[in-house]
Every structure is written in structure tokens, then in C-alpha cells.
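All values derive from a computational prediction rather than experimental measurement. Proteins get letters first, then strands, A, B, ... in listed order; numbering begins at 1 in each.
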Protein chains: 2
Amino acid sequence: MTHAPTQRMRTEARQGRGIPEATVARLPVYLRALTASSDRGVSVASSQDLATAAGVNSAKLRKDLSYLGSYGTRGVGYDVEYLRYQISRELGLTQDWAVVIVGIGNLGQALANYAGFSTRGFRIMALLDADPAREGERFGGHEIRRMTDLEDIVGAHGVSIGVITTPAAAAQGVADRLVAAGVTSILNFAPAVISVAPGIDVRKVDLSIELQILAYHEQRKGPATAGVTSPPGVESA
Amino acid sequence: MTHAPTQRMRTEARQGRGIPEATVARLPVYLRALTASSDRGVSVASSQDLATAAGVNSAKLRKDLSYLGSYGTRGVGYDVEYLRYQISRELGLTQDWAVVIVGIGNLGQALANYAGFSTRGFRIMALLDADPAREGERFGGHEIRRMTDLEDIVGAHGVSIGVITTPAAAAQGVADRLVAAGVTSILNFAPAVISVAPGIDVRKVDLSIELQILAYHEQRKGPATAGVTSPPGVESA
DNA sequence: AGGAGTTTGTGAACAGGAGAACAAAATCGC
DNA sequence: GCGATTTTGTTCTCCTGTTCACAAACTCCT
């Protein structure tokens, strides 16, 4: 506590600006827990309350929140509305974000209809599909436009986020076009690895990977526990 | 440094059985890269080749694969078919897994139609929806059955994996019923935290959380780069 | 006003994963 | 047969994230 300049530098740099990635990934969960509390009329919540609702332990939640600042009151807890606003602001949800969805198959349609986007400041500016015949179809109040309009739409509305729900083979090409047009963040649902220029953020959601991870753990639970009946023979394909 | 017995214990325990969680999460990606190589007629691939295709660096890939065993040949690389089989086996994909999907909204329909499940040994045994009027509707060759059949279906087919695509409010109740019926792994798409008994695995996929994480980084890229025009005043709520 | 009881914020120890670097082991050319 | 070359498997170091434990700070009750 005497003086440790270099080590402090790091801590202060983090506190000042820049929140650990793992914490950022949990903030939306806390936000949801706060919204739920707010809807139930709760105005103050302890770290223990929120941690239970968010499915984490209270020490982690407090440390996470401490990166944002000291928004709690010792002996009392956190003001729900105030904390909700602070997290929203930190995540950038107090402003609107223009989004395009490319590839309107089953998943693209599901996303277009998903209410959770618009309520958090994500504005779907267009749905785009490679099939020109589908131009004009509507989902969730949004209209399908043709792929050739991509650059115009991104440019005109300042779209910064692109969602890719195309087949795997088309994903890289779409990503390239999105980035060239000005998109700087991509959410990729296509089962393919896409590579982009430095400075462009890509997040990947892969449905079948999640199931495969579950299968691994399921297998490890032991054949005895796994099935309802465990036939002594070979498993039937 | 002379002798550190306890530290070795850990290493050996891990090597013997039990693969790091981070590695398990990447194995499906490697599997996809191997399948792609196989389809292109490649029979041997180096760690560098595979790493590029999987979007990781080669040291990490080699270390990941080393947890499975020594399946490569120094100076040569990895036999694509052989490694593919080994990873499949490790992940438990050489056997079939019975799956039910509960909540056949847009997302549930998308999953029912998704080909990536059946090709990896995941057999959808039933689609279930709370609305009895929808009984009999078909998606991707699977029929909607009524919720009251849940226990029978899980019991009859030895279903071990449940996928929840209901609204948030219904998720916990569905999870409870699935677990009571015998399901031991759950993939939860509902925007809600669900709690289950110890020994039950839950993985959560949340579409809006991914977008919020992107928004955070997008905001950090600086107002100058982010928007099309950056108003000098206070940000408009 | 002051002590008892709560709850936050954070320092410190610990665990786990990432990446660099290198020794071991295989092939190939002569 | 043997050295040169390639590529794996592994060790070591660094860094990020998690958890514990406790002092600081606030409220409430008498």
C-alpha cells in the first residue's frame, strides 16, 4: 500500500475504460434480472438477490458491477432503476443500432419476428435474401429486399451490425460485402468460420456445436445413467 | 523444481480422462474443418492447415488434439478420416441421441428443419407445443404432439436431451418436466435462467445477448467511427 | 447518539487457458 | 545408411478470470 506504480497502472487502466470480456458477456444477463425485478415492482435489490436471478454467485456479480463504478449502497443494495440505466448505458443500449439480416430462411425469419431486438434498441433496417423472387415478403413488420440493395441500405442508414443467417457456403461472401459496405460488427449463425479485417468484430452462434458439447458431457455421465434401459447388446443405429 | 508430485497428479488425471472445457467447445469446429477437407478429397492435413480452416492458431489446435491422444504423425500431419472418427467418438457422435424440442414457434420450427442435427446423430423424437390446436402440424418430417405426451415420449425413446424454445415464462416449468421425465441435458433458447438439479447439464443460447455484446464493442470503437453522423451534443436517449 | 447488523467493494490467492518455443520423431533425398 | 527437413507433442511462462475473505460504509433500533 506504500506505492506500487506500475501494477496500479494496469488496474486503473481497466477501471477507467475497458471491462473484462467475461464481465461484458454477463452484463446483459444482469440487465434482464433487473428488468424482471423492476416489473415485479422491486426498487432495491441486493447482490445476493440479483445473483440468484442471474444464476451466478454474488461475489462475481459484485466484482462485475464494480468495473462500472460504485453504484450500490453498502448495507442496502442496488437501486434497480439506476443500475439498469447504468448497465444499459455501458452496453450502448441507450442509443439505437441499425441492423440488417442476410439470409431469410427459417432462422432469419425467426430473428425477424423476435421481439427481443427492437425492445433493446436494435432496429432491423432490412431483410436481404439471395432469391430475387422473395422480394417483398414480410416478416415481423420488415420487408425482404434484394441483395443488390445491400450497399445502399447499409450506407443510407448507417448500419453497423450485420446478422448472417445464410447457408455456410455463402457466409464469407456476404461478410465481405457487409464489411466493404461499412458494417463493423457481425453476428454469424452460418456454420462456417468467416475471416474479416482487423477491427471488425465477429461473434458466432452455432446451434449444432452446442448440441455436440452436450453430447460429450452426456456420454461422460456413463452408459449406466444415460439411457432409460441399457440393452446389453450393441447400440442400435 | 526437483520433485513436485502433486502438480503431476493433476496433469495425469486430466490426460487420463477429462478434456478441458475450452477444448471440448472447439472439437466440433475441428470436426467441421475435417469434414470439409474430407469432402475436398484431402486425406492428410497438417495442424497449420486445420488451424486456418478452424480459425485458431496451430499451437492451440495441436494442444487440443493432444488431449485425445497422439493421433498425428510427426513430419506428416493428421490422417483426416482417422482423426475425424476419433473426435466423433470422443464427442459421443458415433452413437445416436434422442432429442425433443419443446415450443414450436419460429425458432422451434427453424431447429426442426435444421439438417445439421440429423447428420450428426441427433434424432428428433418429437416436437411439443403447449397449444393443443397445433397437434399434427409437421416440420422437417417431424410432427407436433401435445404436451401431455411429454413423459411418454421421453420414457419410450430414452430421450436424454431436451431443447427449450418456449417463451421465457414457460421455460422453468418445461425444464422441470423434462428433468422429471428423465432428460439429463438441456439446450435452452428461452431468454430465462433455469435452475436444475445437480448432474443435469444446461447450455444457454441467447440471441439478444450476443447482439448486446456486439453493441458494447461497437460503442467502444468510438463515436467518430460508429455512427454515420456524430452529433456533438449529449446522446439522445 | 451509538452500537448492532447488513451489504458493498476490493485485495489477494488460486485455477484455468493461451501462446511461444523447443525437443522428439517421422519422411525424403542422395 | 545418414543428414536435412518437416511437423507433432509438450513444457514453460504469461495472462485472464474466479473465489474467498474482510474492511469500509450504510441503516436501524434503542
Measure [atom1]/[X] against [atom2]/[N] and give the value in whole Å, please.
{"X": "Y71(B)", "N": "dT10(D)", "atom1": "OH", "atom2": "C1'", "value": "17 Å"}
{"X": "R74(A)", "N": "dC28(D)", "atom1": "CZ", "atom2": "P", "value": "17 Å"}
{"X": "L65(A)", "N": "dT10(C)", "atom1": "CG", "atom2": "P", "value": "11 Å"}
{"X": "R62(B)", "N": "dA18(C)", "atom1": "CZ", "atom2": "C1'", "value": "13 Å"}
{"X": "L83(B)", "N": "dT8(D)", "atom1": "CG", "atom2": "C1'", "value": "12 Å"}
{"X": "I19(A)", "N": "dT16(D)", "atom1": "CD1", "atom2": "P", "value": "15 Å"}
{"X": "E21(B)", "N": "dA18(C)", "atom1": "CD", "atom2": "P", "value": "12 Å"}
{"X": "K60(B)", "N": "dG19(C)", "atom1": "NZ", "atom2": "P", "value": "4 Å"}

Ignoring backbone atoms, test whether [X] places a side-chain nitrogen or oxygen under 4.0 Å from the OP1 or OP2 oxygen of [N].
{"X": "N57(A)", "N": "dT19(D)", "result": "yes"}
{"X": "Y78(B)", "N": "dA26(C)", "result": "no"}
{"X": "S47(B)", "N": "dT8(D)", "result": "yes"}
{"X": "R26(A)", "N": "dT18(D)", "result": "yes"}

Open item on the list: Taking the nucleotide of DNA chain C with the nearest heavy atom to each, does A59(B) or D64(A) sit closer to the 5' end?
Closed with: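 Nearer the 5' end of the strand: D64(A).
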
Open item on the list: Are Y78(B) and Y71(B) an aromatic pair, judged by ring center distance below 6.0 Å?
Closed with: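 No, they do not, as the ring centres are separated by 6.0 Å or more.
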
- [ ] Please check if the distance between the ring centroids of Y114(B) and F117(B) is under 6.0 Å.
- [x]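 Ring centroids of Y114(B) and F117(B) are less than 6.0 Å from each other.
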
- [ ] Taking all non-hydrogen atoms of both residues into account, name the closest pair between P28(B) and Q212(A) and its distance.
- [x]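 Residues P28(B) and Q212(A), closest heavy atoms: CB-OE1, 3.4 Å.
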
Task: hbond_proxy K63(A) side chain to dT19(D) base (donor-acceptor, 3.5 Å cutoff) - done: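 When only heavy-atom distances are counted, K63(A) does reach the base of dT19(D) through a donor-acceptor pair under 3.5 Å.
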
- [ ] Would you indicate whether the side-chain heavy atoms of L68(B) and L27(B) approach each other to under 4.5 Å?
- [x]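 Yes, side chains in contact.
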
TODO: Classify the nucleic acid contact of Q48(B) as base, sugar-phosphate or nothing, counting any heavy atom under 4.0 Å across all strands shown.
DONE: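 The residue Q48(B) makes no contact with any strand.
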
Open item on the list: Can you identify which nucleotide, out of dG17(D), dG9(C), dT8(C), has its nearest atom closest to the S46(A) side chain?
Closed with: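 Side chain of S46(A) sits closest to dT8(C).
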
Task: Exam field: side chain D49(A) to backbone S46(A), donor-acceptor pair closer than 3.5 Å - done: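 Yes.
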
Task: Toward the 5' end of DNA chain D, by each residue's nearest nucleotide, T23(A) or T73(B) - done: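 Its nearest nucleotide lies further toward 5', so the answer is T73(B).
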
